[in-house]
There are 2 protein chains.
Amino acid sequence: MTAAGKHQVSRSSGRRLGRAGIRDVAAAAGVSITTVSDALNGKGRLPDATRRHVREVADRLGYRPSAAARTLRTGKSGLIGLTVTTYGEEPFTFTEFAYFADMVRAATSTALARGYALVILPAPARQRTVDVWSNVALDGTVVIDPADHDPVVTELVQQGIPVVSDGRPADSLPVTAWVDNDHEAAVTHLLDHLAESGARRIGLLTGTSTDTYTRLSTTAYLRWCERVGQDPVYEAYPAHDPRQGAVAADRLLARPDRPDAVYGLFDPNGTDLLAAARRYGLRVPEDLLLVCCSESTVYAATEPPITTLSLKPGRIGTTVVQLLIDAIEGEDSGPFAEAGDSATTGDPRQQIMPTDLIVRTSSQRRTRRTTVSAPRAPSGDD
Amino acid sequence: MTAAGKHQVSRSSGRRLGRAGIRDVAAAAGVSITTVSDALNGKGRLPDATRRHVREVADRLGYRPSAAARTLRTGKSGLIGLTVTTYGEEPFTFTEFAYFADMVRAATSTALARGYALVILPAPARQRTVDVWSNVALDGTVVIDPADHDPVVTELVQQGIPVVSDGRPADSLPVTAWVDNDHEAAVTHLLDHLAESGARRIGLLTGTSTDTYTRLSTTAYLRWCERVGQDPVYEAYPAHDPRQGAVAADRLLARPDRPDAVYGLFDPNGTDLLAAARRYGLRVPEDLLLVCCSESTVYAATEPPITTLSLKPGRIGTTVVQLLIDAIEGEDSGPFAEAGDSATTGDPRQQIMPTDLIVRTSSQRRTRRTTVSAPRAPSGDD
DNA sequence: GTGAAAGCGCTAACAA
DNA sequence: TTGTTAGCGCTTTCAC
């Protein structure tokens with residue numbers, strides 16, 4: 001007495017509350033649900049007529065496939081997690097700097113272009129956050145600037161979910177791949193540029209946190225100083241607090257061994273330093289050369305325009321997502337390929353992206369004040 | 001001869017590929033899957049000992065519940081969509097302005113605090129984007145600045161998915177609720193402030209797009225002009241193109257009826273106008289009063305510091321998400337409560353948020369140059 | 001070419 | 001108190 005056979009029929013006649021289901025479409029189109037599924041997904045070898053017919057009916061009924069059901073069945077959600085480390089008390093502050101904004105925009109565009117959506121997730125700081133993580137089915141995750149022993153990364157990788165990081169991870173972190181700038185090269189190049197512009201003593205405005213960016217940049221600075229035989233002159237401050245930047249800039253220029261050029265590691269440092277210079281009556285670039293790392297366009301319009309180091313976050317965002325999706329779709333060797341399971345898990349792929357030094361007035365010693373008083377040049381960039 | 005009974009058992013003994021399932025936990029803990037589910041979700045009335053035991057086993061097995069299955073079963077995904085209108089060619093540019101950055105950060109934090117995650121989705125511009133939309137199960141959606149006849153919004157609402165917008169929608173758009181600033185009041189107040197500071201002819205730098213913000217602000221300006229009997233002096237430009245701002249600012253100050261005060265509707269307009277003023281040899285605020293709408297902190301450090309109108313995007317983001325989640329959880333009257341169904345569906349809720357005029361040097365006529373550099377003596381009246 | 005049936009992993013009635 | 005069972009809506013072999 002196999003009652004099983006009746007299931008589909010009886011279900012089909014049941015009241016659909018809101019949305020139409022695949023069964024309703026099948027019934028209305030006079031075909032089976034298999035045909036509907038195939039027609040809508042372009043699978044199988046149905047005659048075009050059937051395909052068209054089914055699509056019409058589906059449209060008429062306002063049929064929307066259930067993402068949840070599809071995900072459950074296929075194991076793919078089309079969702080990519082995006083997370084950032086915590087700065088200070090804020091859950092995360094990735095939008096605080098133009099860098100993250102740009103990076104996220106590019107990442108989102110790339111993901112969408114490949115049929116994925118980004119889910120913003122919190123860094124694993126408190127307890128709560130874990131809940132959210134396990135409440136969403138992720139095909140993969142982008143981690144921005146992962147902490148040295150990020151538990152979420154470890155667990156995701158253990159579960160076989162690809163993780164790609166923006167910023168090179170600590171050795172202990174087994175990410176699938178990572179993308180980063182060559183921070184050492186960038187800083188070195190920039191310091192050389194300042195030296196060429198006549199800087200004798202270059203100062204650094206850096207951060208107190210231990211993230212890779214800060215660490216690598218600072219190290220590169222120290223190494224450069226050593227190489228050229230200059231005493232390091234730097235001030236560090238908690239970069240997550242925007243107010244502290246101004247204070248630190250002030251400290252730096254108040255020092256007895258005041259630098260005649262400064263590189264600021266963080267986005268707002270340009271204005272911080274410019275304001276500090278004004279307070280001390282220092283002219284830029286005559287008395288003080290300035291460079292800061294920023295993606296903001298405001299530095300093209302400051303007085304004077306400030307030279308910036310761009311990390312090209314857009315390119316990083318794009319690359320990170322490409323790598324991730326490649327990993328997701330690549331390792332999809334089918335649910336039955338458990339033979340040579342963890343065999344091909346080699347070293348994580350890593351990609352170094354170029355930076356871009358945008359030279360403006362603030363870092364050019366021998367300048368004829370090409371700032372703004374000049375007649376007209378709306379395009380601006382000098 | 002019910003063979004059905006054997007399914008669970010046989011399934012349970014089947015090879016679990018990667019992750020442990022609820023059945024494995026049940027088997028390992030020596031209980032049924034119901035008990036596991038209840039224990040892990042805090043439901044049912046199990047003795048604490050059982051609950052603890054199950055949790056331990058689950059932990060030991062590294063059990064993670066399947067979000068997809070939960071979603072399919074419960075109909076709730078814990079996911080909230082976040083979308084923005086398209087600017088120009090970019091899929092979306094919400095990160096381009098500090099406004100969106102702040103708004104999104106606050107929205108994300110609020111959502112996470114209530115156990116939801118945000119999914120970034122494209123505005124329904126091209127065909128492709130629709131795919132992504134229907135590939136993710138959303139409990140609700142936040143729409144930033146919805147287009148007048150946004151098809152996605154209409155469809156979502158039709159499907160019974162709550163939609164809350166940042167920015168008031170056109171009458172035809174049936175959103176669940178919306179949050180917006182009182183743009184008219186803000187602009188009026190700001191113009192009054194400029195007039196009080198001595199402005200005789202206030203100009204406007206506005207946009208060519210037809211979004212609500214631009215429209216309301218411009219209207220308020222025109223109405224104000226009418227009230228005080230001033231001829232409107234404004235230039236409009238495509239706000240999505242950052243370069244155009246500088247050009248438009250230039251145009252505005254080049255006019256024969258040059259204004260002696262300007263309000264710029266968009267974030268970069270402050271620097272745009274400042275640069276233009278410099279080009280024309282206009283001193284700020286002596287010859288030209290300046291205000292722009294911006295969330296950026298750079299205007300505290302420009303020379304001179306520029307008065308800004310803050311829309312308090314953080315508060316808007318928080319409110320939007322609160323409203324949305326309230327709607328999601330409120331209308332969850334259970335799948336069987338179809339009796340008084342659409343009864344309580346009243347008018348969409350709407351919330352007006354205050355703005356904040358941050359007065360700095362650029363809009364104060366009688367100032368003793370409180371900026372930084374000039375040691376100029378306080379010279380009383382203008 | 002088309003359809004029936006078997007679940008994906010979980011939750012919630014309902015039994016025991 | 002705990003276990004059994006019926007699906008959530010879809011994709012996908014495998015028969016026909």
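Chain naming here is simple, since letters A, B, ... match the order of the sequence lines and numbering starts at 1 in each. Keep in mind it's a predicted model, so treat the numbers as computed, not measured.
- Counting only heavy atoms from C-beta on, Arg23(B) has its side chain closest to dG9(C) among dT11(C), dG9(C), dA4(C).
- The side chain to side chain contact (heavy atoms under 4.5 Å, CB included) test with Val119(A) singles out one residue from Val136(B), Val119(B), Ile120(B), and that residue is Val119(B).
- Projected onto DNA chain D by closest heavy-atom contact, Thr74(A) and Gly30(B) fall at different nucleotides, the more 5' of which corresponds to Gly30(B).
- For dT2(C), one of the phosphate oxygens OP1 or OP2 lies less than 4.0 angstrom from a side-chain nitrogen or oxygen of Thr50(A).
- The distance between atom CG of Asp38(B) and atom P of dT5(D), rounded to the nearest whole Å, is 17 Å.
- Using a 4.0 Å heavy-atom cutoff across all strands shown, Asn41(B) reaches sugar-phosphate atoms only and no base atom.
- Residue contacts for Thr35(A): at a heavy-atom cut-off of 4.0 Å it reaches the sugar-phosphate backbone alone, with no base atom in range.
- With rounding to whole Å, His53(B) atom NE2 is found 11 Å from dT2(D) atom P.
- Partners of Thr74(B) by side-chain contact (heavy atoms from CB on, under 4.5 Å), not counting sequence neighbours, listed by chain and number: Arg70(B), Lys76(B).
- If Pro47(B) and Arg73(B) are placed on DNA chain D by their nearest nucleotide, the residue sitting closer to the 5' end is Pro47(B).
- Checking dT2(D), dT2(C), dC10(C) against the side-chain heavy atoms of Pro65(B) singles out dC10(C) as nearest.
- If you take CD1 of Ile33(A) and P of dA5(C), they are 11 Å apart, rounded to a whole angstrom.
- Rounding to whole angstrom units, CG of residue Leu40(B) and P of dT11(C) are separated by 8 Å.
- In this structure, CD1 of Ile22(A) is placed 18 Å from P of dC8(C), rounded to the nearest angstrom.
- Minimum interatomic distance between Thr71(A) and Ala137(A) (heavy atoms only, all atoms of both residues): CG2-CB, 4.2 Å.
- Between dT11(D) and Arg70(A), a contact under 4.0 Å exists linking OP1 or OP2 to a side-chain N or O.
- At the phosphate of dT11(D), OP1 or OP2 sits under 4.0 Å from a side-chain N or O atom of Ser37(A).
- Between Leu324(A) and the options Val143(A), Thr176(A), Val142(A), a side chain to side chain contact (heavy atoms under 4.5 Å, CB included) holds for only Val142(A).
- Between the CG atom of Asn135(A) and the C1' atom of dG9(C) there is a distance of 14 Å, rounded to whole Å.
- Look at CG on Asp48(A): it is 12 Å from P on dG1(C), rounded to the nearest Å.
- In this structure, the CG atom of Leu72(A) is 13 Å from the P atom of dC8(D), given to the nearest Å.
- Here Thr71(A) lies out of heavy-atom contact (under 4.0 Å) with every strand.
- Not one side-chain nitrogen or oxygen of Lys43(A) sits closer than 4.0 Å to the OP1 or OP2 atom of dT11(D).
- Side chain to side chain, Ser32(A) and Thr35(A) meet the donor-acceptor criterion of an N or O pair below 3.5 Å.
- For dT2(C), neither phosphate oxygen OP1 nor OP2 lies less than 4.0 angstrom from any side-chain nitrogen or oxygen of Thr34(A).
- Nucleic acid contact for Ser66(A): sugar-phosphate only, since backbone atoms but no base atoms lie under 4.0 Å from a heavy atom of the residue.
- Counting heavy atoms from C-beta outward, Val54(A) and Val31(A) have side chains that approach closer than 4.5 Å.
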